[in-house]
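The structure presented is a predicted model; accordingly, all values stated were derived computationally and were not measured. In what follows, every chain begins at residue 1, and chains take the letters A, B, ... in the order their sequences are listed.
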Amino acid sequence: MSSIKQVLSKDMVGKKVQLRGWIYRTRSSGGIVFAVLRDATGIIQVTVKKGNVPDHDFEDAAKAAIESSVMIEGEVAEDKRAPGGFEVRASRFTVVGFSEPFPITEYQSTELLLDQRHLWIRSREQNAVAKVKAALLKGARDWFHENDYVEVTPPIVTAVAPEDSTTLFQIKYFDRIAYLSQSAQFYLESLIFSLEKVYSLTPSFRAEKSRTPRHLAEYWHMEMEAAWMDNEGNMEVQEQLVTAMLQNAVKECPMELQLLKRDPATLRKIEPPFERMKYQEAMDYLQSKGQDVRWGSDLGAIEERTITVDKQLPVFIVNYPKELKPFYMKENPEDPRTYKNSDLLAPEGYGEIIGGSERETDNARMIAWLEEKGENMDNYKWYLDLRKYGSVPHSGFGLGIERIVTWVCKLDHIRDAIPYPRTVARVYP
RNA sequence: GCCGUCGUAGCUCAGUCGGUAGAGCGUCCGCCUGUUAAGCGGAAGGUCAACGGUUCGAAACCGUUCGACGGCGCCA
């Protein structure tokens with residue numbers, strides 16, 4: 001048994017091969033059937049001529065609709081009439097499972113593709129995105145491993161949130177209420193006191209009723225936390241990690257990237273250092289572009305797009321005003337109005353992919369902030385404990401996997417960066 | 001939460017001034033031994049999202065509801 005990728009080669013011409021897969025396109029012309037076969041690795045045309053296969057095989061080949069699963073035997077030939085330049089001339093054509101008329105045809109609406117997601121994920125685009133995503137994840141894991149980070153497994157069911165601002169999914173947990181995690185950060189912070197450098201890859205959940213091309217209710221969150229690290233070190237980790245992810249995707253998936261209309265060369269050029277733009281500089285730049293912003297304005301979709309649309313490399317926005325960010329960030333001694341934090345924006349207008357900071361180590365400051373917000377201090381007791389027993393400077397960040405996939409794969413919408421997107425309107429299929 | 005658009009055949013859509021339903025693709029049948037979204041001939045296929053109103057008459061006009069999509073906010 002061969003894969004289609006193996007067969008698409010001059011070395012294979014004249015060889016007898018066996019393939020199995022699904023019918024991607026089919027046309028018949030009386031005594032000849034042209035069936036384009038798809039497997040996990042690619043597509044190739046199979047020609048089935050009456051007389052060259054058993055009559056029963058020919059009848060089945062003529063009858064089999066798109067997405068029927070088949071096994072074939074035949075000889076590889078180079079033929080410029082065939083899409084892709086190669087074809088297999090069948091001597092056997094066995095239908096394993098006939099397909100009913102496939103619901104997804106040449107004209108497709110967004111709604112249909114979402115309703116038929118379990119079938120649409122067979123598409124070549126979705127196949128390519130899945131492979132690029134896997135390559136990005138492998139690049140990240142390899143980088144962390146080479147740099148002595150320990151992968152840890154924080155809980156998903158939690159009693160409380162790390163941030164007050166976002167909405168949590170509530171679940172019934174035996175005889176009380178619990179929440180689905182929106183960040184592993186607090187748990188990672190607790191683990192650095194023995195492991196020093198940790199990371200995790202978990203689903204995170206946000207119950208906001210977001211309706212944008214950048215938000216999912218359930219997404220894959222890669223988070224890192226390191227002891228003895230300041231925010232400059234934190235940004236260096238981010239730029240190295242993102243570069244390692246991209247380089248691995250370029251290495252493992254050049255064909256997939258091209259199918260997605262992403263030129264691998266533009267990704268290959270991305271390497272540290274990334275530009276660092278202070279929040280104040282971002283405000284000045286946006287004002288020079290005629291946008292009505294001032295100190296204290298948050299960077300929304302339009303602002304992020306304005307900053308990154310002409311950029312080739314990601315850009316850090318550093319030192320946000322405190323009022324725009326959560327309480328656990330470390331005050332910036334050079335400008336106490338701001339935090340030692342950064343957001344990393346992807347180029348070409350894609351926007352935020354990472355948010356990170358050095359963490360506050362002064363419990364008095366955090367308690368004051370929490371009290372001012374009227375938070376229940378019991379929920380934070382264990383977190384505040386971490387500063388009581390040998391506290392150290394430390395930093396970390398969270399990276400949205402589907403956000404980086406959206407950018408790398410040049411997608412219009414984040415829902416295509418995950419097989420089964422969960423949004424306010426979609427939990428099925 | 002806010003602003004906007006849309007809902008007609010399995011799919012993508014057209015339907016003018018309110019006069020009772022159309023096309024392409026797909027499906028089924030027939031023809032075709034080199035197709036590239038194949039071609040040719042024929043057939044089947046409709047609760048015009050739902051409910052209410054206006055009217056002699058509503059897919060169309062008005063109202064309500066439901067659903068979907070596009071964007072903003074929130075964030076990764």
Revision key, fill the gap. Testing B/A76, B/U35, B/C74 for proximity to the side chain of A/Pro83, the answer is B/U35

Review point. So does A/Glu87 reach the base of B/G34 with its side chain, donor to acceptor, closer than 3.5 Å?
Key: yes

Exercise for review: Indicate, yes or no, whether a donor-acceptor pair under 3.5 Å links the base of B/G70 to the side chain of A/Arg211.
Suggested key: yes

Practice item. Ignoring the backbone of A/Ile414, work out which of B/C72, B/A76, B/U12 is nearest its side chain. Key: B/A76

Check your understanding: Phosphate oxygens OP1/OP2 of B/A68: is one of them under 4.0 Å from a side-chain N or O of A/Arg426?
Key -> no

Review point. Counting only Watson-Crick or G-U wobble pairs whose two distances fall under 3.5 Å, which nucleotide matches B/G67?
Key: B/C6

Point to revise | Distance-only donor-acceptor test (3.5 Å): side chain A/Arg403, base B/C75 | key: yes

Exercise for review: Would you indicate, yes or no, if B/C69 has its OP1 or OP2 atom less than 4.0 angstrom from a side-chain nitrogen or oxygen of A/Thr110?
Suggested key: no

Exercise for review: Compare side-chain N and O positions of A/Arg89 against OP1 and OP2 of B/U33 and report whether any pair is under 4.0 Å apart.
Suggested key: no

Exercise for review: Validate the cation-pi geometry between A/Lys373 and A/Tyr380: distance from NZ or CZ to the six-membered ring centre under 6.0 Å, angle to the ring axis within 45°.
Suggested key: no

**Study point:** Out of B/C69, B/C74, B/A76, whichever nucleotide has its closest atom nearest the side chain of A/Leu114
**Key:** B/C69

Review point. Should the heavy atoms of other residues, nucleotides or ligands under 6.0 Å from OH of A/Tyr173 be counted, would the total exceed 12?
Key: no

Exercise for review: Please state whether the rings of A/Phe186 and A/Tyr328 are parallel, tilted or perpendicular, taking 30° and 60° as the class boundaries.
Suggested key: perpendicular

Practice item. Please determine if a side-chain N or O atom of A/Lys49 lies less than 4.0 Å away from the OP1 or OP2 oxygen of B/U33. Key: no

Exercise for review: Looking at every strand, decide which applies to A/Ser28 at a 4.0 Å heavy-atom threshold: base, sugar-phosphate, or nothing.
Suggested key: base

Exercise for review: Provide the distance between the two P atoms, one in B/A9 and one in B/C13, to the nearest whole Å.
Suggested key: 11 Å

**Study point:** Minimal non-hydrogen separation, A/Val7 against A/Ser2, with atom names
**Key:** CG2-CB, 3.9 Å

Practice item. Identify which nucleotide among B/U12, B/C75, B/U35 has an atom closest to any side-chain atom of A/Asp298, counting heavy atoms from C-beta outward. Key: B/C75

Review point. Looking at B/A76, B/C72, B/G1, which one has an atom nearest to any side-chain atom of A/Lys209?
Key: B/G1

Exercise for review: Please tell me which of the listed nucleotides, B/G34, B/A76, B/C72, lies nearest to the side chain of A/Arg81?
Suggested key: B/G34

Exercise for review: Using atom types as modelled and distance alone, determine if a side-chain donor or acceptor of A/Glu239 lies under 3.5 Å from a backbone N or O of A/Phe274.
Suggested key: yes

Exercise for review: Check whether any side-chain N or O of A/Arg214 sits under 4.0 Å from OP1 or OP2 of B/G71, and answer yes or no.
Suggested key: no

Check your understanding: Atom CE of A/Met222 and atom C1' of B/C75: how far apart are they, to the nearest Å?
Key -> 19 Å

Exercise for review: Classify the nucleic acid contact of A/Gly300 as base, sugar-phosphate or nothing, counting any heavy atom under 4.0 Å across all strands shown.
Suggested key: sugar-phosphate

Check your understanding: Going 5' to 3' along nucleotides 21-26 of chain B, which nucleotides have protein heavy atoms under 4.0 Å from the base (write B), which only from the sugar-phosphate (write S), and which from neither (write -)?
Key -> ---BS-

**Study point:** B/U12 base / A/Gln108 side chain donor-acceptor hit below 3.5 Å
**Key:** no

Review point. With under 30° as parallel and over 60° as perpendicular, where do the rings of A/Tyr279 and A/Tyr320 fit, or are they tilted in between?
Key: tilted

Check your understanding: Taking the side chain of A/Leu112 as its heavy atoms from C-beta onward, which of B/U12, B/G70, B/A76 lies nearest to it?
Key -> B/U12

Exercise for review: Would you name the heavy atoms of A/Ser395 and A/Met229 that are closest together and state the gap between them?
Suggested key: OG-O, 2.7 Å

Practice item. Give A/Gln45 one of three labels, base, sugar-phosphate or nothing, depending on what nucleic acid heavy atoms sit under 4.0 Å from its own. Key: base

**Study point:** Short side-chain to backbone donor-acceptor contact, A/Glu151 and A/Arg141, under 3.5 Å
**Key:** no

